Amino acid sequence: MKRLDSLISALPSYVTDAVDYPMIKDLHMDSRDVTEGSLFFCISGYTVDGHDYAPQAVKNGAVAIISEKKLDGIDVPVIIVRNSKRAMAIISSCFYDYPTEKLKVIGVTGTNGKTTTTHLIEKILSDHHKKTGIIGTMYMRYDGKEVPVKNTTPESLLLQKGFSHMVESGVEAITMEVSSHALEMGRVHGTNFDVAVFTNLSQDHLDYHGTMERYAHAKGLLFAQLGNGYRNGNQPLAVMNMDDEYFTQLETMTAAPIMTFGINGEADMKAVDINIHEEGTNFKLVLGSNSVPVNMKMTGTFSVYNALAAAAACYSVGISLENISKSLASLEGVSGRFERVELNQPFHVIVDYAHTPDSLENVLHTIREFAKGKISVVVGCGGDRDKTKRPLMAEIAERLSDYVYLTSDNPRSENPMDILKDMEHGMKGKDYKVIKSRKEAIYEAVRNAETDEIILIAGKGHETYQTIGTVNHHFDDRLVAKEAVEECR
Ligand SMILES: CC(=O)N[C@H]1[C@@H](OP(=O)(O)OP(=O)(O)OC[C@H]2O[C@@H](n3ccc(=O)[nH]c3=O)[C@H](O)[C@@H]2O)O[C@H](CO)[C@@H](O)[C@@H]1O[C@H](C)C(=O)N[C@@H](C)C(=O)N[C@H](CCC(=O)O)C(=O)O
Ligand SMILES: Nc1ncnc2c1ncn2[C@@H]1O[C@H](COP(=O)(O)OP(=O)(O)OP(=O)(O)O)[C@@H](O)[C@H]1O
Ligand SMILES: N[C@H](CCC[C@H](N)C(=O)O)C(=O)O
Ligand SMILES: [Mg+2]
């Protein structure tokens, strides 16, 4: 609990007629969640304008409002700021006593591999720190608790609150995914990073960012906000994939020192003598004149990149190469990423979260390396998301497999058949099937599977729902595939 004047004194500027400064018990950005004694932030969103909900917030107990304009008929103090989202980030970190000052924070951005890399970092850190937290697509997890999240990178207020709970539980180090949406919308304003990691950049989210240039710029904001100064006695560090074509652009966006990783070039942290096999990868992790062998249970060249990213980040916070190698070897995998469904059937089923052209291409190339029979793909594209990736993903599925089942993947507000039509524009002539129902598509793939065939079910990975309209229907690719295998025996 803090008094309003102590909170707003953290802001660089504001205007208010307030004479009384109430005690603030809680912070809220949604009028429906407001409780007695709260400070309410009016956010102009993409769907509605939060300023319209100020009266409801007051009715529900808000004792002060942060707004971008004068509000009529509100009888609690109103603080007017230029940008409520920025004010929310600053006030939230102040309200929760600047939690990231008490944590080692490793942020990971990039189109693909964020969830996987943060899980590798979490594993390495938790093997060598007492307590670790992780925030990302799947959850906010710390101290044995898993808190559900709506966004890969939550809004600043929710982040600061989460960080403060982590600090209270004794967490020392955290790793978090930082999405391009979050960077653009300022969700990580107020979060101080020790290390920022860049995995890679390829097409996604053009519905939101418009062009690849603006998408790359959004990703670069993480590195731009790393800062020049010292933090807890150390300079913040950028860890970057030197093999990615956007590396040269992104490295110009930070004043922080950079540690590079890669396979092809002269990176600081390198993987050499790489052996990719069905069950995993073996390689030598090299840093200067030091090297250690790594034997991971995750397969594919992309897994080597994720391991390098995690290794470089963890080395920079003081963990030895030997300990990094041990932790990398002991992680079984990440839920919904290259996850096998094995019921001793004569063919293979792999569920993977590939939902971008690049990830689909990577995962299919990896499968091709050890496939002994046919490869078939069950794949769809999300509704209300980048439409231009639809034909590209279909084209990749067709080119790198023997048979494609085009199906639905969270159609959201769109007509599933319209999404499938967009995908069909990418098909070049091989035979394929369009099956709107994802369950039916999986069953059909399983029914038609030949001995040694590999069925890749792409796009939903760990997700346990199918969003149709605004309703989340329970759906889990892994469970549906298991049922299909059992029923089709
Ligand atoms: C496009 C987008 O990012 N939208 C985000 C945005 O929602 P919005 O602007 O539509 O919010 P809104 O509904 O207009 O509401 C505006 C304000 O009014 C308030 N309100 C609203 C109704 C009411 O009755 N009372 C009230 O006070 C709302 O709480 C809010 O403060 O702000 C919300 C709160 O932070 C986010 O949850 C929401 O993410 C939505 C769910 C989303 O799908 N976002 C995706 C695109 C996204 O962010 N994805 C990235 C990951 C991408 C990746 O990893 O590949 C992510 O980080 O999750
Ligand atoms: N380094 C990588 N490069 C390319 N593809 C990758 C890489 N790592 C993982 N993938 C592929 O991308 C998929 C998603 O991986 P992951 O969930 O780790 O990415 P993400 O960046 O967190 O995605 P999201 O943007 O949805 O949060 C994986 O299932 C795999 O197919
Ligand atoms: N974080 C990504 C996840 C996409 C997953 C895929 N299943 C879809 O729904 O498009 C997004 O929100 O765009
Ligand atoms: Mg993720």
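Keep in mind it's a predicted model, so treat the numbers as computed, not measured. Whatever order the structure lists them in is the order used to number ligands and atoms, beginning at 1. For this chain, numbers begin at 1 and follow the sequence in order.
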Using a 4.0 Å cut-off to any heavy atom of [X], which atoms of ligand 3 qualify?
X: N410; answer: 7 (N), 8 (C), 9 (O)
X: E463; answer: 5 (C), 6 (C), 7 (N)
X: H205; answer: 13 (O)
X: G459; answer: 5 (C), 6 (C), 7 (N)

Practice task
Under 4.0 Å, heavy atoms only, figure out whether ligand 3 is touched by the backbone of K114, its side chain, both or neither.
Solution key: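 For K114, no heavy atom sits under 4.0 Å from ligand 3.
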At what distance is the nearest protein heavy atom to [atom], and which residue and atom is it?
atom: atom 3 (C) of ligand 3; answer: Y353 OH, 3.3 Å
atom: atom 13 (O) of ligand 3; answer: R385 NE, 2.8 Å
atom: atom 2 (C) of ligand 3; answer: H355 CE1, 4.0 Å
atom: atom 10 (O) of ligand 3; answer: G382 CA, 3.3 Å

Practice task
Among T388, T111, T356, find the residue that satisfies the side-chain hydrogen bond (donor to acceptor under 3.5 Å, both in side chains) test when tested with Q203.
Solution key: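 Only one option passes, and that is T388.
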Exercise for the section: Number the atoms of ligand 2 from 1 as they appear, then name those within less than 4.0 Å of a heavy atom of N200, with their elements. Expected result: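 Ligand 2 atoms under the 4.0 Å threshold to N200: 1 (N), 2 (C), 3 (N).
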Handout entry: Whether H28 lies under 4.0 Å from ligand 1, heavy atom
Key =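 No heavy atom of H28 comes that close to ligand 1.
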Exercise for the section: Work out whether the distance between some heavy atom of F40 and some atom of ligand 1 is less than 4.0 Å. Expected result: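 Yes, F40 has heavy atoms under 4.0 Å from ligand 1.
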Practice task
Report yes if some N/O of H355 lies less than 3.5 Å from some N/O of ligand 1; otherwise report no.
Solution key: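 No: no nitrogen or oxygen of H355 is under 3.5 Å from one in ligand 1.
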Practice task
Return a yes/no value for D204: is any of its N or O atoms, backbone included, closer than 3.5 angstrom to an N or O of ligand 1?
Solution key: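 No: no nitrogen or oxygen of D204 is under 3.5 Å from one in ligand 1.
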Handout entry: Ionic contact status for E440 with K436, cut-off 4.0 Å
Key =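 Salt bridge absent between K436 and E440.
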Exercise for the section: Please find out if less than 6.0 Å separates the ring center of Y353 from that of H462. Expected result: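 Yes: the rings meet the under 6.0 Å criterion.
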Practice task
Please report the closest heavy-atom contact between I91 and I66, naming both atoms and the distance.
Solution key: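 Taking I91 first and I66 second, the nearest heavy atoms are CD1-CD1, 3.7 Å.
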